[in-house]
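Right, I'll just put the structure down here and ask away after.
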Amino acid sequence: MQKVDTKNLPLHDQRDLNQLHFLRALLEQASVTRAGEQLGMSQPAASRATARLRSQFDDPLLVRSGRGYLLTPMAIQLLPQLRDILGRTDALFEQVQFNPASARRTFQMATTDYGMSAILLGLIPHLQQQGPQLSLRVDAWGSQTLERMERGELDAALYVGSDLPPDFHRRKLFTDGYALVCAANHPLLQHASLPARALLEQATSYPQFAARYPLRHGYATDDVYTELGLARPFITLEAPYFYVGNFAAEYGNVVAVVPERAARAWQANHAISVISLDIAELAFDYCLIWHESRHRDPAMKWFRELLVSKCQ
């Protein structure tokens, strides 16, 4: 195989640097469309950039296969060199101060509707105040979230738990607990003055909503009753959205036990009652996590501090 001469890689001005970033995305994604989406480019712009690169290297870079596209031998050889070049180039700019007032940046995150309601909706006004060209793009947490962070497709995510792969960082945002949610006229409210555990024992007599939360592979049902050693109530509805518990309580006359910050955020818009459950076993830390590749990014350092300050 002929060795690729890295001296011929385009790196003469900012436009060419952007071209190298696109080339890396193209080879890592093995897709013109996904490379363009990753860098915020339209489909026509991504196609034009791909055509220029193919012409410059006199190589198709991607070839069609039965399941999509494969890298050509030249592309395979180019990719590690690109990563090295761009890694060293990024290091040159690590000390550049991020100015939110003039920067144009879309912060890309993943979370559930709990994180969206408890944190990110309240963050938007502060983001707008700090920089008119700053924006937030949120994807649903899923089984590929951590892998997408490793690939640079996401800047950060909101996370519960301690089992993170190597090269990930975490920062605690707050500790939350659970609350019981029911309709404002639900008969369970006659027991509202009971201690939390006794109240939950009474709640087992009523139909329930339970949230389904995403794991790295699939979903699991949020079952606080079993966690506390209580009888498991009949679950009328399970759904992968915490906020559905408020609708189910209001319109379906079921009981929901959901994270308290989310319940409080939604309470104003529903005819429901929210009762705090002061049970130590149900407390959990909610964290911001990010991959090592974003750890020294000045924009992400600024964004993390903004998010932490608003949570605390």
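Values below: every heavy atom of this structure, side chains too, minus hydrogens, waters and symmetry copies.
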Open item on the list: Ignoring hydrogens, what is the shortest heavy-atom contact between S117 and A265? Give both atom names and the distance.
Closed with: O-CB, 4.0 Å

Task: Interatomic spacing from NZ in K172 to SG in C311 - rounded to 0.5 Å - done: 12.0 Å

TODO: Can you see which heavy atom on T236 is nearest to which on P207, and at what distance?
DONE: OG1-CB, 3.0 Å

TODO: Locate the shortest heavy-atom distance separating V258 from A263; write the atom from each residue and the value.
DONE: CG2-CB, 3.9 Å

Task: Single-linkage hydrophobic cluster L173~L121, side-chain heavy atoms < 4.5 angstrom - done: yes

TODO: For the residue pair M109 and L154, establish whether any side-chain heavy-atom pair is separated by less than 4.5 Å.
DONE: no

TODO: Using the six-membered ring of Y114, assess whether NZ or CZ of R261 lies under 6.0 Å from its centre and within 45 degrees of the ring axis.
DONE: no

Open item on the list: Any heavy-atom pair between the side chains of Y206 and P233 that's under 4.5 Å?
Closed with: no

- [ ] Would you tell me whether D222 and Y178 have side-chain atoms, one donor and one acceptor, within less than 3.5 Å of each other?
- [x] yes

TODO: State whether the side chain of Q208 and the backbone N or O of A203 hold a donor-acceptor pair below 3.5 Å, judged by distance alone.
DONE: yes

Task: Contact check, side chains of W302 and L134, non-hydrogen atoms, under 4.5 Å - done: yes

- [ ] May I ask you to decide whether R105 forms a salt bridge with D155, counting only side-chain N to carboxylate O separations under 4.0 Å?
- [x] yes

- [ ] Decide whether T221 and R212 meet the rule of one side-chain donor and one side-chain acceptor closer than 3.5 Å.
- [x] yes

Task: Close side-chain approach of K301 and F98, heavy atoms under 4.5 Å - done: no

TODO: State which residue, out of Y241, Y213, Y159, fulfils the ring pair (Phe, Tyr, Trp, His ring centres under 6.0 Å) condition with W141.
DONE: Y159

TODO: Could you please spell out the steps behind the side chain to side chain contact (heavy atoms under 4.5 Å, CB included) verdict for C182 and I272?
DONE: CA-CA 6 Å; C182 62; I272 57 174; over 6 Å; no

Open item on the list: Is any side-chain heavy atom of T33 closer than 4.5 Å to one of E37?
Closed with: yes

Open item on the list: Could you check whether any side-chain heavy atom of E201 comes within less than 4.5 Å of a side-chain heavy atom of L230, counting everything from C-beta outward?
Closed with: yes

TODO: Search all heavy atoms of T145 against all heavy atoms of G142 and return the closest pair with its distance.
DONE: OG1-N, 2.8 Å

Open item on the list: Restricting to non-hydrogen atoms, name the atom on L71 and the atom on L62 that form the minimum distance, rounded to 0.1 Å.
Closed with: CD2-CD2, 3.2 Å

TODO: May I ask you to say whether E305 pairs ionically with K310, meaning some side-chain N is under 4.0 Å from a carboxylate O?
DONE: no

TODO: Find the distance between CG (L158) and CD1 (I119) and round it off to the nearest 0.5 Å.
DONE: 4.5 Å

TODO: Hey, could you give me the CE/CG distance between M74 and L27, rounded to the nearest 0.5 Å?
DONE: 11.0 Å

- [ ] Could you tell me whether the side chain of Q202 and the main chain of A198 form a donor-acceptor pair under 3.5 Å?
- [x] no

Task: Student check: side-chain heavy atoms of I235 and L237 closer than 4.5 Å - done: no

Open item on the list: Please determine whether a side-chain nitrogen of the Lys or Arg among R83 and E28 lies less than 4.0 Å from a carboxylate oxygen of the Asp or Glu.
Closed with: yes

Open item on the list: Using side chain to side chain contact (heavy atoms under 4.5 Å, CB included), reason through R137 and F107 one step at a time and then give a plain yes or no.
Closed with: CA-CA 6 Å; R137 190 181 78 192; F107 297 101; over 6 Å; no

TODO: Would you please say whether a donor-acceptor pair under 3.5 Å links the side chains of Q29 and Q38?
DONE: yes

TODO: Report yes or no: do V274 and F284 belong to one cluster of Ile/Leu/Val/Met/Phe/Trp/Tyr joined by side chain heavy-atom distances under 4.5 Å?
DONE: yes

Open item on the list: Assess, by modelled atom type and distance only, whether the side chains of R304 and S309 contain a donor and an acceptor separated by less than 3.5 Å.
Closed with: no

Task: Residues E260 and S276: side-chain donor-acceptor under 3.5 angstrom - done: yes

Task: S55 side-chain N/O to R52 backbone N/O, donor-acceptor pair under 3.5 Å - done: no

- [ ] Using only heavy-atom distances, determine whether the side chains of Y286 and T111 contain a donor-acceptor pair under 3.5 Å.
- [x] yes

Open item on the list: Tell me whether D285 at atom CG has more than 12 heavy atoms from other residues, nucleotides or ligands lying less than 6.0 Å away.
Closed with: yes

Open item on the list: Please tell me whether Y69 and R64 have a donor and an acceptor in their side chains that are separated by less than 3.5 angstrom.
Closed with: yes

Open item on the list: Using only atom types and a distance under 3.5 Å, with no angle test, would you say the side chain of R294 pairs donor to acceptor with the backbone of G152?
Closed with: yes

- [ ] Determine, stepwise, if the pair D167 / M149 fulfils side chain to side chain contact (heavy atoms under 4.5 Å, CB included).
- [x] CA-CA 11 Å; D167 299 324; M149 294 172 71; over 6 Å; no

Task: Polar side chain donor-acceptor pair, S293 to E150, under 3.5 angstrom - done: no

Open item on the list: Taking P187's backbone N and O only, do any of them form a donor-acceptor pair with Q190's side chain (distance below 3.5 Å, no angle check)?
Closed with: yes

- [ ] Starting at CZ of F242, measure out to CE of M116 and round the result to the nearest 0.5 Å.
- [x] 15.0 Å

- [ ] Using modelled atom types only, decide if a donor and an acceptor are shared between the side chain of T226 and the backbone of D223 within a distance under 3.5 Å.
- [x] no

Open item on the list: Using every non-hydrogen atom in the two residues, find where A192 and I275 come nearest and quote the distance to one decimal.
Closed with: CB-CD1, 3.8 Å

- [ ] Carefully, step by step, assess L61 and L78 under the rule side chain to side chain contact (heavy atoms under 4.5 Å, CB included).
- [x] CA-CA 9 Å; L61 300 176; L78 278 173; 4.2 Å; yes

TODO: Report yes if the side chains of Q19 and Q56 come closer than 4.5 Å at any heavy-atom pair, otherwise no.
DONE: yes

Task: Atom pair NE2/CD1 of H21 and I85 - distance to nearest 0.5 Å - done: 11.0 Å

Task: Spacing of D58 atom CG and L53 atom CG [to the nearest 0.5 Å] - done: 13.0 Å

